[in-house]
> 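Below are the structure tokens for one structure; questions will follow.
What you see is a predicted model; the values in this text were computed from it and never measured.
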Amino acid sequence: MNFSFLIAAARYLVPLLMLAVLIRIAISLFSHRGEEEIWAWLCLPNGERLPVTHWETTIGRAKSCDVSVQYSTISRLHAILTRHDDGSWTISDAGSKGGISVNGKTVQSQQVRYGEMISLADVAFTLVPITPEQEAAQARYRIAPQGLKQGVTLLLLTALQVLLTACGIGVQPDYAARIASCFGALCAAQWALYGFYRAIKRRCFEPETAAFLLCSLCLSVLSSSAPDRLYKQTGAMLAGIVVFLLVGWCLRVERRAKIVRYIASVLGIALLLSAVLFGREINGARNWIYIGGLSIQPSELAKICFVFAGASSLERLVTKRNVTLFLAYTAAICVCLAIVSDFGTALIFFTAFVVIAYLRSGNLTAIALGGVGVGFIGVVAARFLPYITRRASAWGHVWENPLTTGYQQTRAMMCMAAGGLFGLGIGQGWLHYVAAADTDLVFALLGEEYGLIVAVSAVLTILLLALFVVRMSPRSRSALHTIGASAAVGMFLVQTMLNVLGTVDLLPLTGVTFPFLSAGGSAAIASWGLLAFVKSVDTRQNASFTIRLPKEVAEK
């Protein structure tokens, strides 16, 4: 086979196939009509019926409430009506002035049945179920096809993977079996996961396809630059898929998620303390621990725990409106990261904290205090850790020190410029001789060998996930899912920004990985785990495995 011709042709075929996959993902993600699901009705004494369209519904006088009722005796945010996994309902006081009662009995939080009277101050409501006809209409809508056929998108992705496999073998013929088996394992995993979704009557696979697309590029980069690490990276990706399913299973039932939150909180601190106590220093940061022949980066795995710890249900948030404990938890994590000199990851955690703290309370004062505290930790660390000072001083001056502190970034920018729109060809670049080319500088490596179109498309893949979360969050059934997805995608965005802009010296080079794309087992597992939170906010009918199907659909 003429591999040189194939590698030359791949300069144009890879961008074409990648754009085709991305366009299909975008169309499927954003073509959803977004029709509201009605779960029950709140009936007023005058006969007016107000639809309950969320599993966590705010009731009050404010226009921002899900059910807005204009009575002067009702507080701006008066109560929370919560639907549970078993179909039962609970009404909870949100700190109102007039209080709430069920069947004339004053309560703080109480289960309520259909037909019972709920009073907010002196205004009475009756909870009424939807009719069988409405339930059947919603069931028909849930099983209606959404967007483009995902199987076709996966076929295009598979064609791209076959092309990348052949190019990798052409560049590294001595590793042909390894390259083919690793790509084969990834391809088999994506089709197996898709088949599993179809078996449980789920049709939407766009976020997973985006992740598999970036993982395919990661394997392609390693195939030409470091094929001896392919097995470890592929194993980590497969482990990440298992973590993705496990986290999704935990989020599937709210009661289960609440229990896991406490376990994750303890585990997150334990992971970072293990780095403090047993970490080995690499490139100035002591954030790696070794178990046998495996290296683990605890701070990456702690990201999943941190998001779990920060997310919470709306019923809990409105009755306990503060972020004090979470602020202390974040401070403890940042102290651990400061001790091991992992300030790039500390910035990612702080971004997630800002997102979570604002969504939990809307208290800008607490967020500001948290920012001041983290900034103080950073100043103290920079004073006593010369490694941090050297990194900061190099920012914006890499061309003045091209052989020392600016070595990586100057080479990265020159190689990107050489790549142009379509790249020099897979395996034909020079940047892979520079340290951390497939991790910290992976955006530049893509630009050099695959071209600017592919490199920018990788960034657009993360942006698509972020825009999808922004679009779906207002329709999410649970605050736990909304907060978790927003924090997870916030981490993705900051990681991508630090990785890409650090490469071209618009920001300091912090050693932060590009989600799914950069080589690294711990980073791959963490990225897949965070993707489960993104998946949980997907309330398109028949879409997410993290959301149970109604009984009548599941039995078909």
Side-chain angles (χ1 to χ4, degrees), residues 18 21-22 25 29 157 186 189-190 206-222 233-234 236-241 243-244 247-248 287 297 299-307 342 344-352 355 436-447 450 454-470 484-503 507 509-537:
M18 188 167 182
V21 172
L22 271 184
I25 290 174
L29 284 177
L157 177 56
L186 184 66
Q190 73 191 23
E206 301 92 349
E208 295 86 345
T209 303
F212 279 115
L213 175 62
L214 293 176
C215 286
S216 300
L217 289 176
C218 176
L219 290 186
S220 181
V221 166
L222 286 178
Q233 187 66 31
T234 305
M237 289 176 180
L238 298 179
I241 296 171
V243 172
F244 166 73
V247 174
N287 57 351
Q297 192 172 359
S299 60
E300 289 288 344
L301 303 180
K303 292 175 183 176
I304 305 172
C305 301
F306 185 78
V307 175
D342 193 355
T345 304
L347 183 57
I348 295 170
F349 273 93
F350 178 67
T351 300
V355 172
D438 52 24
T439 53
D440 302 357
L441 306 177
V442 69
F443 178 75
L445 183 57
L446 278 184
Y450 300 75
V454 172
V456 172
S457 296
V459 177
L460 290 177
T461 304
I462 300 297
L463 288 177
L464 279 180
L465 294 177
L467 291 173
F468 177 67
V469 169
V470 170
S486 299
V489 85
M491 284 185 165
F492 283 160
L493 284 174
V494 174
Q495 281 186 242
T496 303
M497 180 182 69
L498 290 176
N499 183 278
V500 172
L501 299 184
T503 297
L507 287 176
L509 186 63
T510 56
V512 168
T513 57
F514 194 119
F516 299 104
L517 179 58
S518 291
S522 301
I525 294 172
S527 295
W528 276 103
L530 293 174
L531 186 69
F533 291 98
V534 175
K535 191 70 175 177
S536 72
V537 83

> Does the side chain of Glu208 come within less than 4.5 Å of Phe244's, by heavy atoms?
yes

> Flag the pair Lys303 / Thr345 as yes when at least one side-chain heavy-atom distance between them is below 4.5 Å, and no otherwise.
yes

> Please report the closest heavy-atom contact between Thr461 and Ala210, naming both atoms and the distance.
CG2-CB, 3.6 Å

> Which pair of non-hydrogen atoms, one from Ala458 and one from Leu446, has the smallest distance, and what is that distance?
CB-CD1, 4.2 Å

> Heavy atoms only: give me the nearest Val534-Ala488 pair and the separation to one decimal.
CG2-CB, 4.4 Å

> Could you tell me if the side chain of Ile241 sits less than 4.5 Å from the side chain of Gln190, heavy atoms only?
no

> Could you pull out the closest heavy-atom pair between Val21 and Leu157, with the gap in Å?
CG2-N, 3.8 Å

> Hey, what do you get for CG (Leu238) to CD1 (Ile525), rounding to the nearest 0.5 Å?
10.0 Å

> Give, for atom CG of Leu464 and atom OG1 of Thr209, the distance between the pair rounded to the nearest 0.5 Å.
11.5 Å

> What about the rings of Phe443 and Phe514, do their centers lie closer together than 6.0 Å?
no

> Rounded to the nearest 0.5 Å, what separation is found between the CD atom of Glu206 and the CD1 atom of Ile25?
7.5 Å

> Would you find a donor on one side and an acceptor on the other, under 3.5 Å apart, between the side chain of Ser220 and the backbone of Leu217?
no

> Heavy atoms, side chains only, cut-off 4.5 Å: are Ser527 and Leu517 in contact?
no

> For residues Phe533 and Ser486, determine if any side-chain heavy atom of one lies less than 4.5 Å from a side-chain heavy atom of the other.
no

> Using atom types as modelled and distance alone, determine if a side-chain donor or acceptor of Asp440 lies under 3.5 Å from a backbone N or O of Leu509.
no

> Hey, does Met237 have a side-chain heavy atom less than 4.5 Å from the side chain of Cys218?
yes

> Kindly indicate whether the side chain of Leu445, heavy atoms from C-beta on, has any atom under 4.5 Å from the side chain of Leu441.
no

> Give the minimum heavy-atom separation between Ser457 and Leu22, together with the two atoms involved.
O-CD1, 3.4 Å

> Between the side chain of Gln233 and the main-chain N/O of Ala519, is any donor-acceptor distance below 3.5 Å?
no

> Does any non-hydrogen side-chain atom of Leu463 lie less than 4.5 Å from one of Leu493?
yes

> Kindly determine whether Phe516 and Leu531 satisfy side chain to side chain contact (heavy atoms under 4.5 Å, CB included), including the steps that lead there.
CA-CA 10 Å; Phe516 299 104; Leu531 186 69; 4.1 Å; yes

> State, to 0.1 Å, how close Leu186 and Ser216 come at their nearest heavy-atom pair, and which atoms those are.
CD2-OG, 3.7 Å

> Determine yes or no for a side-chain-to-main-chain donor-acceptor pair under 3.5 angstrom, with Asn499 supplying the side chain and Pro515 the backbone.
no

> By ring pair (Phe, Tyr, Trp, His ring centres under 6.0 Å), which residues pair with Phe212, not counting sequence neighbours?
Trp528

> I'd like to know whether Ser518 forms a side chain to side chain contact (heavy atoms under 4.5 Å, CB included) with Asp438, so could you lay out the CA-CA distance, the side-chain angles of the two residues, the decisive distance to 0.1 Å, and finally the verdict.
CA-CA 6 Å; Ser518 291; Asp438 52 24; over 6 Å; no

> Run the numbers on Leu530 and Val247 for side chain to side chain contact (heavy atoms under 4.5 Å, CB included), then give the verdict.
CA-CA 8 Å; Leu530 293 174; Val247 174; over 6 Å; no

> Run Met491 and Thr351 through side chain to side chain contact (heavy atoms under 4.5 Å, CB included) and show every step you take.
CA-CA 7 Å; Met491 284 185 165; Thr351 300; over 6 Å; no

